[in-house]
Peer 1: 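If you scroll down you'll find the structure; I have some questions about it.
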Amino acid sequence: MLEARAGTTHEVSNQPPPLTDYNVYTADAPLVESVRREGAEWDEARISAIGELAGSERLRALGVQANENPPKLRTHDRFGNRVDEAEFHPAWHELLGVAVEHELHSSPWKEPRPGAHVARGAAFMCMSQAEAGIGCPISMTYSVIPALRTQPQLAAEWEPRFLSNSYDPRNTPAPNKEGALAGMGMTEKQGGTDVRANTTVARPVTGGGPGAEYELTGHKWFMSAPMCDAFLVLAQAGGGISCFLFPRWTPDGERNRFRLQRLKDKLGNRSNASSEIEFDAASAWLVGEEGAGVRTIIEMVNHTRLDCVLGGATGMRAGVAQAIHHDSHRKVFGTLLSEQPLMRNVLADLCVESEAATISALRLARAYDEALAGDEEAQHLKRIANAVLKYWICKRAPMHAGEALECLGGNGYVEESGMPRLFRESPLNSIWEGSGNVQCLDVLRAMIKEPASLDAYFAEVAEGAVADPRLDAYAKTLREETPGDLATIETRARRVVEKMALALQGSLLVRHGDPAVADAFCASRLTGDWGQAFGTLPAGVDFARIIARHAPISG
Ligand SMILES: Cc1cc2nc3c(=O)[nH]c(=O)nc-3n(C[C@H](O)[C@H](O)[C@H](O)COP(=O)(O)OP(=O)(O)OC[C@H]3O[C@@H](n4cnc5c(N)ncnc54)[C@H](O)[C@@H]3O)c2cc1C
């Protein structure tokens, strides 16, 4: 307990020490176990190095600074020339530099091997605990590669830049830079989910066709990280909605013809810039066939969706760490909060949710590794599990963050605790890359159009069901109602997908989680001995064990 003098009026007491200078990786048992189980043990040295950095006072302070000093729009230079730049605080550059240097945007493509996406996912989870905003350009640069490879000559030119581990923040033509970052522009004013409603027009400069140059005229309503060097964007070409690579600079070294109109004033994610832009006959190059835009860019979206799942799990872990730390140092009525029965129920329930999120997110990352290596079963599982988990983990994140915040009492509502920032960030992963309902509808699409994905999902659930009769019973009922009555399936989609997420998480927990966590999960989430808020686990749960397992600093 800190005992320090605050002026002459009183002693400061019963306040926790700051939670800093600890390794966010090695302190996270479910994450460490998942990394080893899912095939990424070989990369633990790198993940742990990032975990050490992310928990350091230096990076924490940079995260605070980057959020307190959000990017500013600079449309013109002092002579009146358009520059269309977002100016970032040095703390942002330093954080992004750390992420790039540690290859969070590139490692699975540079060194494809079993566990590569798991390793990168775990490292991404660690880094995001220092600051989540940089995850946006990191994730988009990581995700652009498979979509870009649709057009080999564009990939040959851009891939080495995107895979470089040098962070080069200069706004200058990409061939002059040591490394480049990628963004994505799909959403327009009249539709984000419905990208087929895009009105941005693409006209071929010469004959058109895959890899050829077009001119884009129109706008994007959300385009994050506008300082990126190139973006995949959707626009209407003669053959329909198509995917283009749009660079900031043209090959002849001129500023490309686009304008940054505004930066969004956002709820959270404030260190990162999200812009509105207009294209005025901007140069762009067709990726894939005309009319195949959605099919092409979905390769990118599928990877950013994985990062949304990882991001949701990260927020939960960060909340759990702060809540346990605070309540392990704060006494109320003479007893530590972490030892009071009702608070132990709240903390343990948050831990259960966090562990379920972490192990399912990393299991999903393994499905990416295996699917890319040609494993069909993994491809089917990834297809459906990504949408299931994105829906549920991201949907749970704001409730989880709100409850974790309350574990710190009034301190949790105050900015310098970091909890308001965590809370503001928490709804974003659910909106990004297809919001909650869109994920549910995607699950339905998968189960109806690709029934093998549903079979792969139930095969994964069944592996755990043999070990726990509660899960077995839950899975059997779920199987009967999935998809069930097709006339009502859309109306029921959220309930079905929620149950699918719980059965999948349950299956992973009974096989791989801590037994006390698995037991609490099955008792509450699967058999219904649970309330509507966190902190409503049944009395028989081993609360002390669960909390000790999740404590960021043991002892
Ligand atoms: C901070 C931030 C950064 C962003 N950055 C980018 C970016 O870099 N690039 C980019 O392209 N986009 C970006 N977006 C946009 C984001 O991807 C979209 O906002 C999101 O996909 C939702 O689209 P929308 O806003 O048009 O909402 P809408 O499509 O209008 O959807 C509104 C609501 O309706 C629901 N809904 C949609 N269809 C159905 C249906 N058939 N049945 C039931 N419910 C439905 C959705 O789930 C959603 O909840 C960003 C958004 C934010 C908030």
Side-chain angles (χ1 to χ4, degrees), residues 67 70-71 86 132-144 147 181-200 216 218-235 241 243-246 248 258 260-279 293-294 296-305 307-308 311 387 390-392 394-395 397-398 421 424-445 488-497:
N67 278 274
I134 57 152
C136 173
I138 287 295
S139 177
M140 292 193 291
T141 307
Y142 155 67
S143 304
V144 78
L181 295 174
M184 172 180 0
M186 296 188 293
T187 311
E188 298 186 2
K189 296 185 180 84
Q190 68 283 354
T193 304
D194 185 7
V195 291
R196 291 184 190 279
N198 274 194
T199 59
T200 297
L216 305 185
H219 77 285
K220 292 293 161 189
W221 182 230
F222 279 93
M223 207 166 87
S224 288
M227 75 297 172
C228 287
D229 300 278
F231 305 79
L232 285 194
V233 300
L234 292 179
I241 193 95
C243 179
F244 295 89
L245 181 83
F246 153 67
R248 283 184 78 85
F258 76 100
L260 275 187
Q261 302 290 53
R262 280 201 295 182
L263 297 187
K264 301 287 193 187
D265 183 7
K266 296 177 286 184
L267 170 67
N269 197 250
R270 295 183 74 83
S271 64
N272 181 28
S274 298
S275 67
E276 297 166 16
I277 81 154
E278 289 186 6
F279 305 109
V294 174
T296 305
I297 210 163
I298 207 77
E299 282 299 315
M300 181 172 187
V301 171
N302 278 337
H303 287 81
T304 48
R305 281 182 179 169
D307 281 0
C308 291
K390 179 174 183 306
Y391 170 68
W392 184 239
C394 298
K395 190 56 69 191
R421 191 169 125 216
R424 287 194 301 268
E425 190 75 23
S426 64
L428 184 52
N429 281 305
S430 189
I431 295 171
W432 261 339
E433 310 301 334
S435 311
N437 286 354
V438 174
Q439 297 307 310
C440 291
L441 295 175
D442 195 41
V443 173
L444 300 189
R445 197 173 307 120
T488 59
I489 185 67
E490 204 167 311
T491 310
R492 293 184 290 116
R494 278 193 180 218
R495 295 190 69 173
V496 168
V497 176

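Numbers here are sequence positions counted from 1. Just so you know, ligand 1 is whichever comes first in the structure, and atom 1 is the first atom listed for that ligand.
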Peer 1: Report every pair formed by an N or O atom of ligand 1 and a protein N or O atom separated by less than 3.5 Å, giving atom names and the distance to 0.1 Å.
Peer 2:
residue  : atom   : partner : partner atom : Å
ligand 1 : 5 (N)  : S224    : OG           : 2.8
ligand 1 : 8 (O)  : M184    : O            : 3.3
ligand 1 : 8 (O)  : S224    : N            : 2.7
ligand 1 : 9 (N)  : M184    : O            : 2.9
ligand 1 : 9 (N)  : F222    : O            : 3.3
ligand 1 : 11 (O) : M186    : N            : 2.7
ligand 1 : 11 (O) : T187    : N            : 2.9
ligand 1 : 11 (O) : T187    : OG1          : 3.1
ligand 1 : 12 (N) : T187    : OG1          : 2.7
ligand 1 : 26 (O) : G192    : N            : 2.7
ligand 1 : 29 (O) : T193    : N            : 3.1
ligand 1 : 29 (O) : T193    : OG1          : 2.4
ligand 1 : 44 (N) : N437    : ND2          : 2.9

Peer 1: Using 4.0 Å as the upper bound for N to carboxylate O, is an ion pair formed by K220 and E188?
Peer 2: yes
Peer 1: Listed by chain and number, what are the side chain to side chain contact (heavy atoms under 4.5 Å, CB included) partners of A387, not counting sequence neighbours?
Peer 2: Q439, D442, V443
Peer 1: Does a sphere of radius 6.0 Å around CD in Q190 hold more than 12 heavy atoms from other residues, nucleotides or ligands, not counting ones at 6.0 Å or beyond?
Peer 2: yes
Peer 1: Do R424 and N269 pair up side chain to side chain, a donor and an acceptor below 3.5 Å, judged on atom types alone?
Peer 2: no
Peer 1: If you draw the axis of the six-membered ring of W432, does the NZ or CZ of K390 fall within 45° of it and under 6.0 Å from the ring centre?
Peer 2: no
Peer 1: Checking side-chain hydrogen bond (donor to acceptor under 3.5 Å, both in side chains) between E276 and each of K264, K189, Q261, which is the one that passes?
Peer 2: K264
